[in-house]
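Naming convention: chains lettered A, B, ... in sequence-line order (proteins, then strands); numbering from 1 in each chain.
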Amino acid sequence: MKRMNVKDLITSTQFNEEVLVKGWVRTIRGSKNVSFIALNDGSCMANAQIVADSEKIPAEILDKTHSGAALSIEGQLVESKGKGQLNEVLATKIEVLGESNPDEYPIQPKRHTLEFLRENAHLRFRTNLFGAITRVRHAMIFAIHDFFNHRGFYNIHSPIITGSDAEGAGEMFKVTTLDMLNPPKTETGEVDYSKDFFGKATNLTVSGQLEAELAALAMSKVYTFGPTFRAENSNTSRHLAEFWMIEPEVAFADNNDNMDLAEAMLKYVVQYALDNCAEDLEFLEQRLKNEEKQKPESERSMPLVEKLKFVLENDFERITYTEAIDILKKSKPNKKKKFDYIIEEWGADMQSEHERFLVEKHFKKPVIITDYPKGIKAFYMKQNDDGKTVAAMDVLFPQIGEIIGGSQREENYDKLMTRMKEMDIPEETMWWYIDTRKFGTVPHAGYGLGFERLLLFVTGMTNIRDVIPFPRFPKNAEF
RNA sequence: GCCUAAUUAGCUCAGUUGGUUAGAGCACAUGACUGUUAAUCAUGGGGUCCAAGGUUCAAGUCCUUGAGGGGGAGCCA
């Protein structure tokens, strides 16, 4: 007999058919004559209801059937006598494939805290919540590839180990095979990386952008989607030491094209979630509603699905940094000194309280801020004609803050070199990047989307450690 | 690394101005129940009160230091 997964089984109306189904026990409710097993195999949110009649199923089998146990069940699919499900399986044979000691199994059929589940990340897939998150994450991966593929982009695998240490995106993890207790030294007493595996110092990548630029300046439209590593001591709900980033790079494009692409991409993947993850989103929405019951009404946010539709139906607000600073200067919290950091003059870096004010209070929708002061942005960004700003753009989302950071790139050789000198970027290790400005340089632009931040928005989760299966963060690489 | 409130049973939490033998709900075990929906009812077992040191006749409770985690800020995606 062919095994049916739970997803197909629970919608089947092929009553009286013999079925085989396998999965893990979520709960078992017993009485004298009959027991009910809720069986899940990850194929969907809902469980299959298995009915075990004590006349057909030996007591020693049911004695081994606890939450977490793996079962193989043969039986007859029948219309359910109870409410809450279309059908159920009248078991004729139950085999316990893997027992689960109820005194030791940590996942109970009740609400657990996210902190507890994080400490049991090896088993948290077995909860409704993490099943839903895992399925939505998978759907979003496909949506991203689908979007770029439809638009004629090529996917580029940028290197994970990199020899350049000047990407400027943060602290890097060293990659070495040298003996840490006794490394070879140079004459001046420093570690001699010329003796290392690659003959030079290497790190885990903090961004695939520079490599994506090389590809874009031949293939026109490319994107990377790969792991990214930052050795920052960031202890927040929005940062990971290992995360996945999507970085499109487009030749013959300026910063406006860049914003159009970013907005279209975000809307496409949100629509994809609504179209393909309805059951999981409904569960996530209900969970959020329960969480928010404790909050005062004024602090409650829009229901999840409504929030996703809102993003689809509204154009993102596009304003320059200069306009944003003006709005903030004139804002109530700034005048009444309610901000922790008061905005006084042009050139100040915006804090997350300011971004939140613009997105959640002032515009009440996603905001793209452009043309930042060059002093607070990276060396490769296109310098504007005003001499003060660069053609950067950050997409800010409610609750999450910066979800995308991008820019048009400086394609002019002389301007790029001048800027690199000003910012002490070592040219000798970047010769390959600079070469692209010597040979057929063209205007081009791109951005980086933090995949887990996108998932925070789509799932309504608030801690980034809960939207990646095995989070890496300071002091933790347990699983 | 900074700020902040916390750390008590397997889980979620309560524990009064320091004072007998540290409690509840859920989970688990046993029993009851002819169909449950996180079933219900009864009974029972279950504690290094985060760690180390200190104050005190007496510390879960007060003080000091440390650890890991939460929330916030910074760095960013």
Side-chain angles (χ1 to χ4, degrees), chain A residues 26-38 46-55 63 66-68 78 80-85 88 90 100-120 127-128 167-171 206-209 226-247 262 290 339-341 349-356 376-378 394-397 400-406 447-457 462-468 473-476 478:
Chain A
R26 282 292 170 79
T27 62
I28 174 163
R29 298 174 290 273
S31 64
K32 195 176 183 181
N33 298 323
V34 65
S35 294
F36 299 91
I37 299 165
N47 304 316
Q49 170 149 285
I50 312 298
V51 183
D53 192 314
S54 53
E55 282 181 12
D63 285 347
H66 295 106
S67 288
V78 296
S80 181
K81 287 186 201 168
K83 284 175 188 166
Q85 58 279 318
E88 58 196 24
L90 285 178
S100 175
N101 184 338
D103 290 328
E104 291 172 24
Y105 186 60
I107 308 298
Q108 297 169 8
K110 60 171 265 189
R111 190 191 158 275
H112 285 109
T113 59
L114 294 170
E115 291 85 352
F116 175 76
L117 292 172
R118 233 168 270 150
E119 286 166 12
N120 291 280
T127 62
N128 285 335
E167 288 159 20
E171 288 295 311
V206 292
S207 163
Q209 179 201 315
T228 313
F229 308 88
R230 306 267 167 98
E232 304 284 346
N233 189 18
S234 295
N235 291 287
T236 81
S237 55
R238 302 185 311 281
H239 292 85
L240 290 164
E242 177 182 302
F243 63 100
W244 290 70
M245 189 152 64
I246 293 109
E247 295 178 287
N290 294 339
F339 283 141
D340 289 334
Y341 297 86
D349 211 347
M350 267 182 259
Q351 310 293 318
S352 48
E353 58 180 344
H354 306 129
E355 296 178 351
R356 273 207 310 275
I376 58 174
K377 289 288 179 184
D394 285 359
V395 181
L396 310 180
F397 261 37
I400 291 146
E402 187 176 342
I403 195 168
I404 282 178
Y447 59 82
L449 165 74
F451 183 59
E452 283 76 18
R453 289 195 181 167
L454 172 67
L455 281 173
L456 284 179
F457 182 73
T462 52
N463 193 316
I464 202 160
R465 295 168 187 182
D466 297 326
V467 294
I468 187 168
F473 52 95
K475 304 262 159 62
N476 194 302
E478 182 67 28

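- Here the closest heavy-atom approach between residue A:L454 and residue A:I403 is recorded as CA-CD1, 3.7 Å.
- As judged by a 4.0 angstrom heavy-atom cut-off over every strand, A:F473 is placed among residues touching the sugar-phosphate backbone only.
- The distance from the CG atom of A:L396 to the CZ atom of A:R356 is 11.5 Å, given to the nearest 0.5 Å.
- The side chain of A:H66 lies closest to B:rA29, out of B:rG71, B:rG74, B:rA29.
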**Asked** When Watson-Crick pairs (N1 to N3 and N6-O4 or O6-N4) and G-U wobble pairs (N1-O2 and O6-N3) count only below 3.5 Å on both distances, what is the dot-bracket string of RNA chain B, with | for other-strand pairs?
**Response** .(((..(..((((.....[...)))).(((((.......))))).....(((((..]....))))))..))).....
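- Regarding A:E353, its CD atom lies at a distance of 12 Å from the C1' atom of B:rG74, rounded to whole Å.
- Rounded to whole Å, atom P of B:rA77 lies 11 Å from atom CD of A:E355.
- One distance of note links CZ of A:R26 with CD of A:Q108; it measures 14.0 Å at 0.5 Å rounding.
- Counting non-hydrogen atoms under 4.0 angstrom, A:S67 reaches nothing in the nucleic acid.
- Nucleic acid contact class of A:I246 (heavy atoms, under 4.0 Å, all strands): none.
- Closest heavy-atom contact between A:S207 and A:T228: N-CG2, 3.9 Å.
- Across every non-hydrogen atom of A:H354 and A:Y341, the tightest pair is NE2-O, 2.7 Å.
- At the heavy-atom level, A:Q108 lies under 4.0 Å from base atoms of the strands shown.
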**Message:** For A:I37 and A:N47: C-alpha separation, side-chain torsions, deciding distance, then whether side chain to side chain contact (heavy atoms under 4.5 Å, CB included) applies.
**Reply:** CA-CA 9 Å; A:I37 299 165; A:N47 304 316; over 6 Å; no
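- Atoms CD and CG, from A:Q49 and A:L90 in turn, are 10.0 Å apart once rounded to the nearest 0.5 Å.
- An OP1 or OP2 oxygen of B:rG70 is reached within less than 4.0 angstrom by a side-chain nitrogen or oxygen of A:R465.
- Checking B:rG1, B:rA77, B:rG69 against the side-chain heavy atoms of A:M245 singles out B:rA77 as nearest.
- Comparing the P positions of B:rA52 and B:rU61 gives a spacing of 13 Å, expressed to the nearest Å.
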**CA sep, side-chain torsions, deciding dist, call: A:E115, A:N463, side chain to side chain contact (heavy atoms under 4.5 Å, CB included)** = CA-CA 10 Å; A:E115 291 85 352; A:N463 193 316; over 6 Å; no
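- Backbone-only engagement by A:R118 is indicated by non-hydrogen atom pairs under 4.0 Å involving sugar-phosphate atoms exclusively.
- Of the C1' atoms belonging to B:rA38 and B:rG45, the separation is 23 Å, rounded to the nearest Å.
- Side-chain proximity of A:S234 to the nucleotides B:rG74, B:rC11, B:rG69 is greatest for B:rG74.
- The nucleotide whose nearest atom lies closest to any side-chain atom of A:N235 is, among B:rG74, B:rG71, B:rG1, B:rG1.
- Between the P atoms of B:rU8 and B:rA14, the separation comes to 10 Å (whole Å).
- B:rU16 and B:rC62 have their P atoms separated by 9 Å, with the value rounded to a whole Å.
- B:rC28 and B:rG71 have their C1' atoms separated by 33 Å, with the value rounded to a whole Å.
- Comparing B:rG10 with B:rU48, their P atoms are spaced 7 Å from each other, to the whole Å.
- With C1' as the reference atom, B:rA5 and B:rA73 are 15 Å apart, rounded to whole Å.
- Side-chain N/O atoms of A:S237 include none lying less than 4.0 angstrom from OP1 or OP2 on B:rG70.
- Looking at A:E119, its side chain has no donor and acceptor atom pair within 3.5 Å of the base of B:rG69.
- Note: CD1 (A:I403) to P (B:rC76) measures 18 Å, nearest angstrom.
- Of the candidates B:rC28, B:rU12, B:rG69, B:rC28 carries the atom nearest the A:P102 side chain, counting heavy atoms from C-beta on.
- Heavy atoms of A:S35 sit nowhere under 4.0 angstrom from any nucleic acid atom.
- At a threshold of 4.0 angstrom between heavy atoms, the contacts of A:T228 with the nucleic acid are absent.
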**Prompt:** Can A:T27 and A:R29 be said to form a side chain to side chain donor-acceptor pair (under 3.5 Å), step by step?
**Reply:** CA-CA 7 Å; A:T27 62; A:R29 298 174 290 273; 3.3 Å; yes
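- Side-chain atoms of A:D103 and base atoms of B:rG10 include no donor and acceptor less than 3.5 Å apart.
- As rounded to whole Å, 16 Å separates atom P of B:rA77 from atom CZ of A:F397.
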**Prompt:** How does protein reach along nucleotides 30-40 of chain B, written 5' to 3' as B (base within reach of a heavy atom under 4.0 Å), S (only sugar-phosphate), or - (no contact)?
**Reply:** ---BSBBBBB-
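- Rounded to an integer number of Å, the gap from A:H112 NE2 to B:rC13 P is 11 Å.
- Put simply, the side chain of A:N463 and the base of B:rG70 share no donor and acceptor less than 3.5 Å apart.
- Atoms CG (A:N101) and C1' (B:rA29) sit 12 Å apart, rounded to a whole Å.
- Atom CE of A:M245 is separated from atom CD1 of A:I404 by 11.5 Å, given to the nearest 0.5 angstrom.
- Per the geometry, OH belonging to A:Y341 stands 15 Å off P belonging to B:rG72, to the nearest Å.
- Comparing the P positions of B:rC11 and B:rG18 gives an interatomic distance of 29 Å, to the nearest angstrom.
- Of all heavy-atom pairs between A:P106 and A:H112, the closest is O-NE2, 3.4 Å.
- Interatomic distance, CZ of A:F229 versus CG of A:L240, reported as 11.5 Å (0.5 Å rounding).
- Here A:F243 lies in heavy-atom contact (under 4.0 Å) with a base.
- Proximity of A:R356 to the phosphate of B:rA73: a side-chain N or O atom is located under 4.0 Å from OP1 or OP2.
- Using a 4.0 Å heavy-atom distance criterion, A:L240 is classed as a base contact.
- The cationic group of A:R465 lies under 6.0 Å from the six-membered ring centre of A:F473 and within 45° of the ring axis, placing it in a cation-pi geometry.
- Atom CG in A:D349 sits roughly 15 Å away from atom P in B:rA73 (whole-Å rounding).
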